[in-house]
Protein chains: 2
Amino acid sequence: MRIGELSRRTDTPVRMLRYYEEQGLIHSERLPNGYRSYEDYVVDRVRQVRGLLEVGLPTRIIKQILPCLDGSRAIYLPYVTPDMIATLERERDRMAEKIECLTKNHRAISDYLEAVSHEIRAS
Amino acid sequence: MRIGELSRRTDTPVRMLRYYEEQGLIHSERLPNGYRSYEDYVVDRVRQVRGLLEVGLPTRIIKQILPCLDGSRAIYLPYVTPDMIATLERERDRMAEKIECLTKNHRAISDYLEAVSHEIRAS
DNA sequence: TCAATGTATGACATTGGTGTGAGGGTCAAG
DNA sequence: CTTGACCCTCACACCAATGTCATACATTGA
């Protein structure tokens, strides 16, 4: 598919798709006329990238961890450096912290909204 | 306590503490000499603010939801506008999405690291 | 008293993710 | 052949969070 369709299917500005490519997060072939052409799987990848960006990971880190999140991972095992492992462990721990933070605040907001809705019903 | 101690206890640059105050996220009294003076509870608040910033919430939103996360919340109930409720619901839902995304990727990284460590032990 | 440390304000710079627009090709439908 | 929709690259602008620096006052200990 071309960039417009990818943009629609991922609800992502075309500008950003080019940017993600520039940052090495997604890949495209080129049609004879120079247009970018994407494989289907890129749709999912873009969604994943956007999710990770939303939770505060910079593209630099996303680029590093993406290959490990790709399903058929056995291929990558031989290439893993200790450095890479350290990065992954760090990010894994940071993610755990974030999950904890989000969960706590999510519950607090939910409880609050719950209380408010009771209040309204009572008045 | 003064700003230096707060900085140490929250592991936050002094610069940022002043910024958070400017954004209305924390509050300080002033000592006779003009120095900022903080209550103990501000330590926790700063940590909460940093956590929320880390997971991608902008200060504008944090400022809105913080009052609802303060424990003694009954006081705030009468002041809640429908507008505010809408904001809270939106943020609650966005948080849920983020938790899902993080959980998924956290597990993927964990699994990957697990696989790698087995590989290493086997070789 | 002097030096060191902490604090205040204000200004400017940087960074990363975005928005936006200029200027120009491609191509299919009318 | 022209129009309109889509694509290209490049450049400049923007915003929020953060870093850094300059200048100056306060406090404390040698």
Side-chain angles (χ1 to χ4, degrees), chain A residues 1-39 42-43 45-66 87 91 94 97-98 101, chain B residues 1-39 42-43 45-66 87 91 94 97-98 101-102 105:
Chain A
M1 86 199 73
R2 285 173 308 175
I3 203 169
E5 186 182 344
L6 181 60
S7 168
R8 263 170 264 123
R9 288 173 61 181
T10 58
D11 198 33
T12 302
V14 167
R15 168 75 172 85
M16 286 300 99
L17 296 173
R18 301 207 185 97
Y19 175 68
Y20 299 154
E21 178 173 333
E22 185 184 306
Q23 301 300 308
L25 305 182
I26 59 178
H27 173 253
S28 71
E29 308 290 328
R30 291 297 177 128
L31 299 173
N33 57 12
Y35 289 9
R36 268 165 263 252
S37 171
Y38 299 94
E39 311 264 332
V42 179
V43 173
R45 168 162 294 226
V46 169
R47 295 207 180 107
Q48 188 173 27
V49 165
R50 300 222 102 201
L52 292 171
L53 279 172
E54 287 241 317
V55 297
L57 277 79
T59 56
R60 170 179 44 87
I61 296 293
I62 297 177
K63 182 179 178 180
Q64 287 192 283
I65 69 178
L66 263 185
T87 299
E91 290 310 316
R94 288 174 58 84
E97 283 170 25
K98 288 179 179 184
C101 172
Chain B
M1 87 198 74
R2 285 174 308 175
I3 203 169
E5 186 182 345
L6 181 61
S7 169
R8 264 170 266 124
R9 286 173 61 180
T10 59
D11 198 32
T12 302
V14 166
R15 168 75 173 84
M16 285 300 100
L17 295 174
R18 300 205 185 98
Y19 176 68
Y20 299 153
E21 179 172 332
E22 184 184 305
Q23 300 301 307
L25 305 182
I26 58 177
H27 173 255
S28 72
E29 309 290 328
R30 291 297 176 128
L31 298 174
N33 57 12
Y35 288 9
R36 267 165 265 254
S37 170
Y38 300 94
E39 311 264 332
V42 179
V43 173
R45 168 162 294 224
V46 169
R47 295 206 180 110
Q48 188 172 28
V49 165
R50 302 222 94 194
L52 292 171
L53 280 171
E54 288 241 316
V55 297
L57 278 78
T59 55
R60 171 180 44 87
I61 297 293
I62 297 177
K63 181 179 177 179
Q64 287 193 284
I65 69 178
L66 264 184
T87 298
E91 291 309 317
R94 288 175 59 84
E97 284 170 25
K98 288 180 178 182
C101 172
L102 277 168
N105 285 289

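Keep in mind it's a predicted model, so treat the numbers as computed, not measured.
The number of heavy atoms from other shown groups lying within 6.0 Å of CD (A/E39) does not exceed 12. Taking a 6.0 Å sphere around CG of B/D11, one finds it holds 12 or fewer heavy atoms contributed by other residues, nucleotides or ligands. With a 6.0 Å radius and a threshold of 12 heavy atoms from other residues, nucleotides or ligands, B/R30 has its CZ atom above the threshold. In B/Q23, the CD atom is crowded: over 12 heavy atoms of neighbouring residues, nucleotides or ligands sit closer than 6.0 Å. In A/R94, the CZ atom is not crowded: 12 or fewer heavy atoms of neighbouring residues, nucleotides or ligands sit closer than 6.0 Å.
Think of the region where chain B sits on DNA chain D: with heavy atoms and a 4.0 Å cut, that region ends 5' and 3' at D/dA16 to D/dT27.
Regarding A/Y20, its OH atom lies at a distance of 11 Å from the C1' atom of C/dG16, rounded to whole Å. Atoms CD (A/E54) and P (C/dG16) sit 19 Å apart, rounded to a whole Å. The nearest whole Å value for the distance from the CG atom in A/N33 to the P atom in C/dC27 is 5 Å. Rounding to whole angstrom units, CD of residue A/E21 and P of C/dG17 are separated by 16 Å. If you take CD of A/Q23 and P of C/dG16, they are 8 Å apart, rounded to a whole angstrom. Distance CD (A/E22) to C1' (C/dG16): 12 Å, rounded to an integer number of Å. Rounded to an integer number of Å, the gap from B/L31 CG to C/dA8 C1' is 12 Å.
Under 4.0 angstrom from either OP1 or OP2 of C/dA8 there lies at least one side-chain N or O belonging to B/R36. Residue A/T59 places at least one side-chain N or O closer than 4.0 Å to OP1 or OP2 of C/dG17.
Residue B/I3 has its side chain nearest to C/dT7 when only C/dG25, C/dT18, C/dT7 are considered.
Base engagement by B/R18 is indicated by at least one non-hydrogen atom pair under 4.0 Å involving a base atom. Across all strands shown, A/R30 has heavy atoms under 4.0 Å from sugar-phosphate atoms exclusively, and none from any base.
Projected onto DNA chain C by closest heavy-atom contact, B/G34 and A/Y19 fall at different nucleotides, the more 5' of which corresponds to B/G34.
Side-chain contact of A/Q48 with B/N105: a donor-acceptor pair under 3.5 Å is present, judged by distance alone.
For the side chain to side chain donor-acceptor pair (under 3.5 Å) with B/Y20, the lone residue among B/R15, B/R50, B/H27, B/R45 that qualifies is B/R50.
In terms of polar N and O atoms assigned as donor or acceptor, the side chain of A/R15 comes within less than 3.5 Å of the base of C/dT20 in a complementary pairing.
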